[in-house]
Student: 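Below are the structure tokens for one structure; questions will follow.
Residue numbers begin at 1 in each chain, while the letters A, B, ... track the order of the sequences.
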2 protein chains.
Amino acid sequence: MRIGELSRRSGLSIDTIRFYEKRGLLDETHLRRSENRYRDYSESTVERLALIKATQAAGFTLAEIVELFRQWESNQLTDERIALYLQKKCDEIAVKIAELQAVQRYLEAKLLGVRAQSETVARQSD
Amino acid sequence: MRIGELSRRSGLSIDTIRFYEKRGLLDETHLRRSENRYRDYSESTVERLALIKATQAAGFTLAEIVELFRQWESNQLTDERIALYLQKKCDEIAVKIAELQAVQRYLEAKLLGVRAQSETVARQSD
DNA sequence: GTAAACCCTAGAGTAGAGTCAAGAGTCAAG
DNA sequence: CTTGACTCTTGACTCTACTCTAGGGTTTAC
């Protein structure tokens, strides 16, 4: 498929897709060139981009994602080191989740306060 | 207290603190000027910076934090709109947490795969 | 009274992640 | 055979959140 269709199907802009390519996030598996030099993507690329988005949403930088993929795909060399790497990232994510939940609790508490206050005001204005 | 001490107590660099000031994250409550034009911070500023850090870790931009504070501190105007705003942010955070957990599950699954594989390899090499 | 440590402003520079624009080639439809 | 939609490359630009530099004033310790 060409870049326009991939853009529509992935929800990423054409520019972003080309940018990811420059950063090394797409290889021959996902990207060929047709006769006319147009990019020609495989079906699996949609999924690839979704994974990139999710991983990015998890707080990884593009450079980290490249590294993650690189380690992952060279798994002739797969061993305990990759397990350790993933474990480390899982732990980092756990920390981020905890931070988010802390702010969430903070906001929820404030929210209750605001609601209580506005009810009081409402009652007073009765 | 002066900026050096605040920097040490907050864990933020002097430059960052001045940068936050430029962005409007510190007002007269937190920041005065002494005779010599040096910044003079109140005790509460340490807490303020901690709150900024936490909120930022939750994925808010500085501009959003400024807006959050502004709405919060003008709570002569406190009403259902603030509750709605906070509710919206809580929801956004919930989404981010869900995304993180998705990636976490993905990585954990892969991790199990790697471990299973390496155990198989280990067993084969017995 | 001077050196070290601290503070000031203004503005430039950096990294990450895009986004946009110019100028040109390709392709399908009418 | 031209028009409109699509694609190409290169390079400049944007935005966020810092970080650093230059050039200068202030405080503190000895």
Student: Over how many whole Å does the gap from B:Tyr20 atom OH to D:dC18 atom C1' extend?
Tutor: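 B:Tyr20 atom OH is separated from D:dC18 atom C1' by 8 Å.
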Student: Stem finding on DNA chain C, please: runs of three or more consecutive Watson-Crick or G-U wobble pairs, both distances under 3.5 Å, sorted by first number.
Tutor: C:1-30 with D:1-30
Student: If two hydrophobic side chains count as joined below 4.5 Å and joins carry through other members, does B:Tyr38 share a cluster with B:Leu6?
Tutor: no
Student: Side chains of B:Leu68 and B:Glu64: does their closest heavy-atom pair fall under 4.5 Å?
Tutor: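 Counting from C-beta outward, B:Leu68 and B:Glu64 never come under 4.5 Å.
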Student: Looking at B:Ile65, B:Leu49, B:Val66, B:Asp15, which one forms a side chain to side chain contact (heavy atoms under 4.5 Å, CB included) with B:Tyr20?
Tutor: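 Only match with B:Tyr20 under side chain to side chain contact (heavy atoms under 4.5 Å, CB included): B:Leu49.
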Student: If I compare all heavy atoms of A:Thr29 with all of A:Ser44, which pair ends up nearest, and what's the gap?
Tutor: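 Closest pair (atom of A:Thr29, atom of A:Ser44, distance): O-OG, 4.4 Å.
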Student: Of B:Glu5 and A:Arg23, whose closest DNA chain C nucleotide lies nearer the 5' terminus?
Tutor: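 On the 5' side of the pair lies B:Glu5.
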Student: Can you list, by residue number, the residues of residues 42-49 of chain B that have a non-hydrogen atom closer than 4.0 angstrom to DNA chain C?
Tutor: none
Student: Roughly, in whole Å, what's the span from NZ in B:Lys53 to P in D:dA17?
Tutor: 16 Å
Student: Where each residue is assigned the nucleotide of DNA chain D containing its nearest heavy atom, which of B:Arg2 and B:Phe19 is assigned the position nearer the 5′ end?
Tutor: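 Final value for this comparison: B:Phe19.
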Student: Indicate the atoms forming the closest heavy-atom contact of A:Thr45 with A:His30, along with that distance.
Tutor: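 Closest pair (atom of A:Thr45, atom of A:His30, distance): OG1-O, 3.2 Å.
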Student: Between B:Glu47 and B:Arg9 (salt bridge meaning N to carboxylate O under 4.0 Å), is one present in this structure?
Tutor: no
Student: With respect to the side chain of A:Thr61, which nucleotide from C:dG18, C:dG16, D:dA17 is positioned closest?
Tutor: C:dG16
Student: Does B:Glu67 pair with B:Arg70 as a salt bridge, N-O distance under 4.0 Å?
Tutor: yes
Student: Is B:Arg33 close to B:Asp40 at the side-chain level, that is, under 4.5 Å between some pair of heavy atoms?
Tutor: no
Student: Between protein and nucleic acid, restricted to nucleotides 8-12 of chain C and to nitrogen or oxygen atoms under 3.5 Å apart, what atom pairs and distances do you find?
Tutor:
{"residue": "C:dC8", "atom": "OP1", "partner": "B:Arg39", "partner atom": "N", "Å": "2.6"}
{"residue": "C:dC8", "atom": "OP1", "partner": "B:Arg39", "partner atom": "NH1", "Å": "3.0"}
{"residue": "C:dC8", "atom": "OP2", "partner": "B:Arg18", "partner atom": "NH1", "Å": "2.7"}
{"residue": "C:dC8", "atom": "OP2", "partner": "B:Arg39", "partner atom": "NH1", "Å": "3.3"}
{"residue": "C:dC8", "atom": "O5'", "partner": "B:Arg39", "partner atom": "NH1", "Å": "3.4"}
{"residue": "C:dC8", "atom": "O3'", "partner": "B:Arg33", "partner atom": "NH1", "Å": "3.4"}
{"residue": "C:dT9", "atom": "OP1", "partner": "B:Arg33", "partner atom": "NH1", "Å": "3.1"}
{"residue": "C:dT9", "atom": "OP1", "partner": "B:Arg33", "partner atom": "NH2", "Å": "2.8"}
{"residue": "C:dT9", "atom": "OP2", "partner": "B:Arg39", "partner atom": "NH1", "Å": "2.8"}
{"residue": "C:dT9", "atom": "OP2", "partner": "B:Arg39", "partner atom": "NH2", "Å": "2.7"}

Student: Round to a whole Å and report the spacing from CD1 of A:Ile17 to P of D:dC8.
Tutor: 10 Å
Student: Would you mind reading off the distance between B:Leu12 atom CG and D:dA17 atom P, rounded to a whole angstrom?
Tutor: 14 Å
Student: Are the side chain of B:Arg32 and the backbone N or O of B:Glu28 linked by a donor-acceptor pair below 3.5 Å?
Tutor: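 Pair found, side chain donor or acceptor close to backbone of B:Glu28.
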Student: Does A:Lys53 use its side chain to pair, donor to acceptor, with the backbone of A:Ser10 at less than 3.5 Å?
Tutor: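 Yes, the answer is positive, given that a donor and an acceptor are paired below the 3.5 Å cut-off.
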Student: Are A:Thr16 and C:dT19 close enough that a side-chain N or O sits under 4.0 Å from OP1 or OP2?
Tutor: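 The answer is yes; a side-chain N or O of A:Thr16 sits under 4.0 Å from OP1 or OP2.
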Student: Return the minimal non-hydrogen interatomic distance between A:Glu21 and A:Leu31, and the atom names on each side.
Tutor: CD-CD2, 3.2 Å
Student: Taking CZ from B:Phe60 and P from D:dT16, how many angstroms apart are they, rounded to a whole number?
Tutor: 16 Å
